[in-house]
Peer 1: 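Sending over a structure as structure tokens; questions will come in a sec.
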Amino acid sequence: MKGRRAAVLPGSFDPIHNGHLDIIERCRPIFDEVIVAVLYNEEKKALFSVEERVEMIREALAECEDCRVESFSGLLVDFMQTVQGTTIVRGLRAVSDFEYEFQMALMNRRLDPRVETVFLTPKEVHTYVSSRLVKEVFFLGGDVTGLVPNDVLRRLEALRRRATS
Ligand code: PNS
């Protein structure tokens with residue numbers, strides 16, 4: 001019998017959106033555990049702190065007993081060892097995602113040949129959704145209801161109120 005299979009979904013998640021949640025949901029029947037891993041990245045200017053992003057994801061996954069949310073810094077392959085993750089899972093929305101994802105998968109394989117990357121595709125309605133577009137549309141006054149969890153929407157609104165008061 002094979003051992004416990006733990007998927008690691010790494011990303012910036014600034015913020016998490018419903019496309020991410022769709023991918024997490026798709027992982028659940030395939031893996032014993034789903035670990036969402038939020039990267040501490042000093043170089044990338046983020047809207048939400050890592051702690052806030054972790055909180056938002058935990059809130060969105062409150063009902064998901066086989067999911068956990070962690071933050072990490074450094075190499076993803078090292079984090080995989082720390083949590084005994086077996087597989088990196090990334091969402092692939094369109095061909096435009098492919099080159100970046102392919103490079104990362106091959107680099108991670110070079111760094112640790114034991115680590116496998118698999119790609120899952122979200123439901124079509126999520127294929128155009130990205131954290132970057134959600135933020136852009138929201139702060140330009142567009143409606144992002146239904147694209148992000150309610151808690152994320154509330155936090156975006158709170159940020160906007162703070163910025164305009
Ligand atoms: O959501 P993102 O920003 O596309 O996620 C990118 C992420 C976090 C998966 C990637 O930047 C990453 O794994 N960073 C950790 C550092 C690392 O291991 N770099 C080499 C991977 S090729």
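Throughout, numbering of the chain's residues begins at 1 and tracks the sequence.
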Peer 1: Between T127 (side chain) and K123 (backbone), is there a donor-acceptor pair under 3.5 Å?
Peer 2: no
Peer 1: Side chain of T121, backbone of L92: donor and acceptor closer than 3.5 Å?
Peer 2: no
Peer 1: Identify the heavy atoms of G3 and D32 that sit nearest to each other, and give their distance.
Peer 2: O-OD2, 4.1 Å
Peer 1: If you round to the nearest 0.5 Å, how far is SG of C27 from CG of D66?
Peer 2: 10.0 Å
Peer 1: Where the side chain of N18 meets the backbone of G146, is there a donor-acceptor pair that is under 3.5 Å apart?
Peer 2: yes
Peer 1: Give me the atom names and distance for the closest heavy-atom approach of P149 to A60.
Peer 2: CG-CB, 4.1 Å
Peer 1: Can you check whether V54 reaches V50 side chain to side chain, under 4.5 Å on heavy atoms?
Peer 2: yes
Peer 1: Are the side chains of T145 and L153 in touch, meaning some heavy atoms are under 4.5 Å apart?
Peer 2: yes
Peer 1: Is there a path of hydrophobic side-chain contacts, each under 4.5 Å between heavy atoms of I, L, V, M, F, W or Y residues, that connects V125 with V129?
Peer 2: no
Peer 1: Does one hydrophobic cluster hold both M80 and F13, with members joined at side-chain heavy-atom distances below 4.5 Å?
Peer 2: no
Peer 1: With hydrophobic residues grouped by side-chain heavy-atom distances under 4.5 Å, do V144 and Y128 end up in a single group?
Peer 2: yes
Peer 1: Step by step, work out the side chain to side chain contact (heavy atoms under 4.5 Å, CB included) result for M56 and R155.
Peer 2: CA-CA 9 Å; M56 286 186 277; R155 288 180 192 241; 3.3 Å; yes
Peer 1: Measure from the side-chain N and O atoms of R90 to the backbone N and O of P10, and report whether any donor-acceptor pair falls under 3.5 Å.
Peer 2: yes
Peer 1: Quick test of your reading of the model: are E157 and R154 salt-bridged, counting only N-O distances below 4.0 Å?
Peer 2: no
Peer 1: Take V38 and F72, measure what side chain to side chain contact (heavy atoms under 4.5 Å, CB included) needs, and give me the verdict at the end.
Peer 2: CA-CA 6 Å; V38 182; F72 78 105; 5.9 Å; no
Peer 1: With a 6.0 Å cut-off (strictly less than), is the heavy-atom count around CZ of F102, excluding the residue itself, greater than 12?
Peer 2: no
Peer 1: Would you say the side chain of V89 lies within less than 4.5 Å of the side chain of V8, judging by non-hydrogen atoms?
Peer 2: no
Peer 1: Any chance you could lay out the side chain to side chain contact (heavy atoms under 4.5 Å, CB included) test for L21 and L61, step after step, and finish with the verdict?
Peer 2: CA-CA 8 Å; L21 292 176; L61 298 178; 3.8 Å; yes
Peer 1: Working to the nearest 0.5 angstrom, can you tell me the gap between L140 CG and K135 NZ?
Peer 2: 13.0 Å
Peer 1: Report the C-alpha distance between R53 and E51 in whole Å, list the side-chain angles of each, state the deciding distance to 0.1 Å, and finish with yes or no for salt bridge (Lys or Arg N to Asp or Glu O under 4.0 Å).
Peer 2: CA-CA 5 Å; R53 283 179 261 161; E51 292 73 20; over 6 Å; no
Peer 1: Under 3.5 Å, is there a donor-acceptor pair between the side chain of R160 and the main chain of F138?
Peer 2: yes
Peer 1: Got R28 and C64 here, is their nearest side-chain heavy-atom distance under 4.5 Å?
Peer 2: yes
Peer 1: With a 4.5 Å heavy-atom cut-off, do I16 and V148 have their side chains touching?
Peer 2: no
Peer 1: Could you state the interatomic distance from CG (L111) to CG (L75), rounded to the nearest 0.5 Å?
Peer 2: 6.0 Å
Peer 1: Show the nearest heavy-atom pair for residues P113 and R110, with the distance to one decimal.
Peer 2: CD-O, 4.4 Å
Peer 1: Given the rule in the side chain to side chain contact (heavy atoms under 4.5 Å, CB included) test, do S12 and N41 qualify, once you have shown the distances and angles that lead to the verdict?
Peer 2: CA-CA 8 Å; S12 305; N41 188 351; 5.7 Å; no
Peer 1: Ignoring hydrogens and angles, tell me if any N or O in the side chain of N108 forms a donor-acceptor pair with the backbone of M104 under 3.5 Å.
Peer 2: yes
Peer 1: Any side-chain heavy atom of D143 within less than 4.5 Å of one from V137?
Peer 2: no
Peer 1: Does S71 reach the main-chain N or O of L39 with its side chain, forming a donor-acceptor pair under 3.5 Å?
Peer 2: no
Peer 1: Determine yes or no for a side-chain-to-main-chain donor-acceptor pair under 3.5 angstrom, with R109 supplying the side chain and V115 the backbone.
Peer 2: no
Peer 1: Can you tell me how far CZ of F48 sits from CG of L156, rounded to the nearest 0.5 angstrom?
Peer 2: 4.5 Å
Peer 1: So for atom CZ, which belongs to R114, do other residues, nucleotides or ligands contribute more than 12 heavy atoms lying within a distance under 6.0 Å?
Peer 2: no
Peer 1: Would a hydrophobic clustering, with Ile, Leu, Val, Met, Phe, Trp and Tyr connected at side-chain separations under 4.5 Å, put Y40 with V83?
Peer 2: no
Peer 1: With rounding to the nearest 0.5 angstrom, report the CD1 to CD1 distance, I24 to I35.
Peer 2: 12.0 Å
Peer 1: Is there a path of hydrophobic side-chain contacts, each under 4.5 Å between heavy atoms of I/L/V/M/F/W/Y residues, joining V134 to V36?
Peer 2: yes
Peer 1: So, does D14 use its side chain to make a donor-acceptor pair with the main chain of A46 at under 3.5 Å?
Peer 2: no
Peer 1: For the atom pair OG (S130) and CG (D97), what is the distance rounded to the nearest 0.5 Å?
Peer 2: 9.0 Å
Peer 1: Between E70 and F79, is any pair of side-chain heavy atoms under 4.5 Å apart?
Peer 2: yes
Peer 1: Evaluate Q81 against D112 for side-chain hydrogen bond (donor to acceptor under 3.5 Å, both in side chains), listing each step before the verdict.
Peer 2: CA-CA 10 Å; Q81 289 308 304; D112 187 344; 3.3 Å; yes
Peer 1: Tell me whether H20 contacts the main-chain N or O of H17 through its side chain, where contact means a donor paired with an acceptor under 3.5 Å.
Peer 2: yes
Peer 1: In plain terms, say whether E33 and R5 are close enough for a salt bridge, that is, a side-chain N and a carboxylate O under 4.0 Å apart.
Peer 2: no
